[in-house]
Amino acid sequence: VKMAKPQIIYGDNGPAFVVLPIAEYLARFPESTLSDEALFDLAQAQNDGGERTPHDVVKRLIDGENPVKVYREWRAMTQEELALRTKVSSGYVSQIERGARHLSRKTRAIFAQALGVDADDLETE
């Protein structure tokens with residue numbers, strides 16, 4: 001069987017895509033033939049030790065719940081505990097979680113540090 005050459009597809013700024021024969025693709029990327037379970041096992045083996053966000057937390061965020069509340073509850077913190085860590089009142093935390101007030105960029109960074117997340121993760125607008 002004669003092996004076809006890769007095809008290069010050009011865009012406005014030069015080469016944009018490469019089309020490979022399937023045999024070459026599979027030889028270069030053998031993981032593409034793995035089952036979902038095998039890919040999961042491979043990902044687990046390559047785990048960098050970083051923290052993973054639980055599915056229920058992600059689902060709540062996707063469903064539009066306030067991220068401060070979601071992350072606070074994930075961290076098993078009360079509003080009072082978060083208030084102490086961020087040096088604000090518990091009433092202010094409550095207002096943030098209800099959407100009655102919004103975090104400034106500076107305060108969002110403080111809350112993010114207290115909750116162990118990126119500041120962008122607390123963006124609500």
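In this text, all values refer to a predicted model and were calculated from it rather than measured experimentally.
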Under a 4.5 Å side-chain heavy-atom rule over Ile, Leu, Val, Met, Phe, Trp and Tyr, are Met77 and Trp74 clustered together? yes
When rounded to the nearest 0.5 angstrom, what is the spacing between NE2 in His55 and CZ in Arg60? 13.0 Å
Thr124 side, atom OG1; Leu61 side, atom CG - distance, nearest 0.5 Å: 12.0 Å
Heavy-atom distance under 4.5 Å between the side chains of Leu20 and Arg28, does that happen here? yes
Ala119 to Ala109 - nearest heavy-atom pair and separation: CB-CA, 4.2 Å
Are Tyr92 and Leu82 connected, step by step, through hydrophobic side chains (Ile, Leu, Val, Met, Phe, Trp, Tyr) whose heavy atoms are closer than 4.5 Å? yes
Would you give the length of the straight line joining atom OG of Ser94 to atom CD of Gln79, rounded to the nearest 0.5 angstrom? 4.5 Å
Looking at Arg101 and Gln95, would you say the former's side chain and the latter's main chain have a donor-acceptor pair under 3.5 Å? no
So, for Arg75 and Leu115, which heavy atoms are closest and what is the spacing to 0.1 Å? NE-O, 2.7 Å
Given side-chain hydrogen bond (donor to acceptor under 3.5 Å, both in side chains), test Arg108 with Ser104 step by step and report yes or no. CA-CA 6 Å; Arg108 187 169 48 246; Ser104 68; over 6 Å; no
How far does OG1 of Thr86 sit from CZ of Phe111, to the nearest 0.5 angstrom? 4.0 Å
Minimum heavy-atom distance Ile8-Pro15, with the two atoms named: CG2-CB, 4.0 Å
Rounded to the nearest 0.5 Å, what's the gap from CZ on Arg98 to NZ on Lys69? Could you check? 10.5 Å
Reported CD-to-CG distance for the pair Glu123 and Asp118, which is rounded to 0.5 angstrom: 12.5 Å
Would a 4.5 Å heavy-atom cut-off, applied to side chains only, mark Gln113 and Arg85 as touching? no
A side-chain contact here means heavy atoms from C-beta on lying under 4.5 Å apart; do Glu81 and Thr78 qualify? yes
Kindly work out whether a path of hydrophobic side-chain contacts (I/L/V/M/F/W/Y, heavy atoms less than 4.5 Å apart) joins Val57 to Val117. yes
Over all heavy atoms of both residues, which pair between Gly11 and Ala16 is shortest? Give the atoms and the distance, please. N-CB, 3.8 Å
Strictly distance-based, threshold 3.5 Å: is any side-chain N or O of Asn66 a donor or acceptor partner for the main-chain N or O of Val68? yes
